[in-house]
Amino acid sequence: MNIIRQLFNKPWLSDHADIADSSNQTQCLKLTQTQSTKTALVFFLMVVTVLFFLITITFLSRSQYPDFTALSGPPWLPFSNPVTLWVNSAFLLLASVSIRFSVISQPFNERVAHTRMVLALCLTGLFSCLFLIGQLLVWKQLTASGYAVNGNPANSYFYLFTGIHGLHLAGGFIALIRVVFIFVKQADNERFRASLRLCVWYWHYLFIVWMLLFALLTASSGTYKTIALLCGF
Amino acid sequence: MKEIQPVADDNHDDSCDGYNHQPSGFIAKYVWSLDHKVIAIQYSVTAIFVGLIALVLSALMRLQLGFPDHFSFIDPTSYLQYVTMHGIIMVIYLLTALLLGGFGNYLIPLMIGARDMVFPFLNMLSFWTYLVSVIVLIASFFVTGGPTGAGWTLYPPQAILQGTPGADNGILLMLLSLAIFIIAFTMGGLNYVTTILQARTRGMTLMRMPLTLWGIFIATILGLLAFPALLVSAIMMLFDKLLGTSFFMPAILSLGESLDYTGGSPILFQHLFWFFGHPEVYIVALPAFGMVSDVIATHARKNIFGYRMMVWAIVAIGGLSFVVWAHHMYVSGMNPYFGFFFATTTLIIAVPTALKVYNWLLTLWRGNIHFTVPMFFAIGFIFTFTHGGLTGLFLGNVIVDLPLSDTFFVVAHFHMVMGVSPIMVLFAAIYHWFPLVTGRMLHTGLGKLHFWVTFLGTYAIYLPMHYLGFLGVPRRYFALGDTNFIPDSTQTLNAGITVAALIVGVGQLIFIFNLIWSLRRGKKAVANPWQATSLEWQTPQCPPVHGNWGDKVPVVYRWAYDYSVPGHKTDFTPQNKPDSECLLTDKGGL
């Protein structure tokens, strides 16, 4: 482990930090903005993970209170058969797959590759928008069928989770537009592709988080009880 | 000793350092600036400004406690508002912002040999977002009902129920302001961490970084992981307040009426809040630990004792700070095994913390101590921090904490450990780095006067406060009323504390005057006036100009603590000096 080795350095003995070590440490010389952005993205996703993790913990804890009614279970509950959520998940999956296509297209022909990339990005935008619209429709359906935000803690958590996830996606969308804008403006192909690769990770992350939320929000009371028991709530 | 020869690289590519934003015109240079040094000053000035507001609020509180019924403008409502706003401003908007936004911004690029932060625009955005959060916070003083008076912990259900001051608008603005602050902090924090990891100059290994940077680095990671807990609790409480959800709100009667809330858990909020709240103590303390280490080493002309141990202690304290939060909740009730767990982890933190204190003392031991103003404050810090830390051992134990909880003992403890101590370091740091920032020295006589008033004054305030706590005097009470178990003499003590507090408060005017006066008329600082080794003092111009390093960024050959090294020409060897220039050999010079 590099970091452990570094922490065991004896900086007061100058001959312990040899030239090789020194040059390893100074990647900044060849640093591009993209490498920094990558580090920042890792930390940002860590922050977002903590955010979702903490809400999940409170959710599991809150689910053990008597007034909590899960949204899934008996057939009359809205997410016993969550078709709409499956459709939305498919949109997000397609968005995640299409953005991946935008970076793996090998340029056997520059123009074809370019066209494929533009098409893949357009599809990413389209599917992401469809996902957001789909989530809004689920909100509308829930409200119309009497599952308002303040009706039950399970409802409140559904709106809270999906709302924050939606904002997370919207933030990524703005970043993606910025990346495309940089490309159009400067046509710095290398930097553009590197930034795009970060967007790909962002979209994959969005999809994984959504699937975990999906599993959590559509589980039954029994499942919550088991998880809460395992967590010691 | 083998000399390290870094690979020659005269054509060093500076584009990675992200400083290609040479400002043109006054506004670009001083208002919408992308320069980390200007942003640091903007952060600092804003933080000190709100800190002064909080200082005035504390004086108002003390007036009520020391001389009750003398001031008609202080009523129970406004008293609770002062308590709340004083606490939250001091902890978050002053200390966090000044230590990380101010000193972090100024020192990180200079100490690692970079030209700027890696994301200068994000850095600027971070400051302006912070400013918005401060404006929203201050706006709550002017809305109907005034600011919230729920206490800085903002516990539900009372924080959002009628009867608590500011339950209509004040609490909304407070939660909103906190959410904005966290966004600002996240933008800044991502920048600090990335810059330290990615933009260090050639030769600057992690273990050659000054401890200031280690403190700031780990504190920023703590902040990035802990502030989401506050954000989550703020958002969920906003839902409870605005949308009628019951995350934290139990079924409750208010003013004789049953409210619509059902079955929420206020304890859940407490867990979330303290999951943020305890690491917050170290978000403030770790940068202070780092800065005081550098000040002590520089002014004692000695390498810091146990550098590696100091780094590990910072990392260990950071890690442990996430598993102690429930020691703030012993009286909220919990499984006794949890109480045992949290008491144990809390006491374990004393080990790396005590290591640090020993190392500071051992650095001073037989050092060539220069009694400069920064050194005065640094030594003052060792006193106040040890004092506050020891009372923490009392409160970390469940059995001892229960009777002392919510008494003035707790107030005295946390003011010593996370109020006075970091502020002592902040003063030490300001006196130490002022010449670098402004090119002028602060007045030494005024500085020493400021130190003695502050140091002795804070002891006059907080030492007796522990006794008040032992007697059972509760905190946050507007008036004690007829309380049989509290003797009348506590009132005399309270009056004494208030007088001391007012003297300390007024004493800070000496500092403000010194700042303003020295800015124009202070003695001009020579380059590197303290003869320090770390990189920030080695810039070609003092104060450093835009881009920090002129044509070439520095190369680092050693750690930051080569003071009084036998065989060296001077008693300090800058990090960027090769051995050939500093060794006292036949060839080398003397």
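Side chains included, hydrogens not; waters and symmetry mates left out as well; all remaining heavy atoms used. Letters A, B, ... mirror the listed sequences (proteins, then strands); counts begin at 1.
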Sort [X] into side chain, backbone, both or neither according to what part of it lies under 4.5 angstrom from a heavy atom of chain A.
X       : result
L231(B) : side chain
F275(B) : side chain
L268(B) : side chain

Residue Y65(A) versus chain B: region with a heavy atom under 4.5 Å: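 Contact with chain B: side chain only.
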Atom of [X], atom of [Y] and distance for their closest heavy-atom approach:
X       : Y       : value
M236(B) : Y157(A) : CE-OH, 3.3 Å
F119(B) : A40(A)  : CE1-CB, 3.6 Å
L54(A)  : P228(B) : CD1-C, 4.1 Å
T245(B) : N150(A) : N-CB, 3.9 Å
R208(B) : P11(A)  : CG-CB, 4.3 Å
L190(B) : F44(A)  : CD2-N, 3.6 Å

Going from [atom1] on [X] to [atom2] on [Y], what distance comes out if it is rounded to the nearest 0.5 angstrom?
X       : Y       : atom1 : atom2 : answer
L122(B) : T37(A)  : CG    : OG1   : 10.0 Å
S156(A) : D240(B) : OG    : CG    : 8.0 Å
L197(B) : F43(A)  : CG    : CZ    : 5.5 Å
I55(A)  : L272(B) : CD1   : CG    : 9.0 Å
L160(A) : L243(B) : CG    : CG    : 10.0 Å
L51(A)  : I182(B) : CG    : CD1   : 9.5 Å

More than 12 heavy atoms from other groups under 6.0 Å of CZ on R308(B):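 Count over threshold, so yes.
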Residues, nucleotides or ligands: over 12 heavy atoms within 6.0 Å of F338(B) CZ: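 Open.
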Options Y307(B), W312(B), Y561(B), ranked by heavy-atom pairs under 4.5 Å with chain A, top entry: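 Top count of heavy-atom pairs under 4.5 Å with chain A: W312(B).
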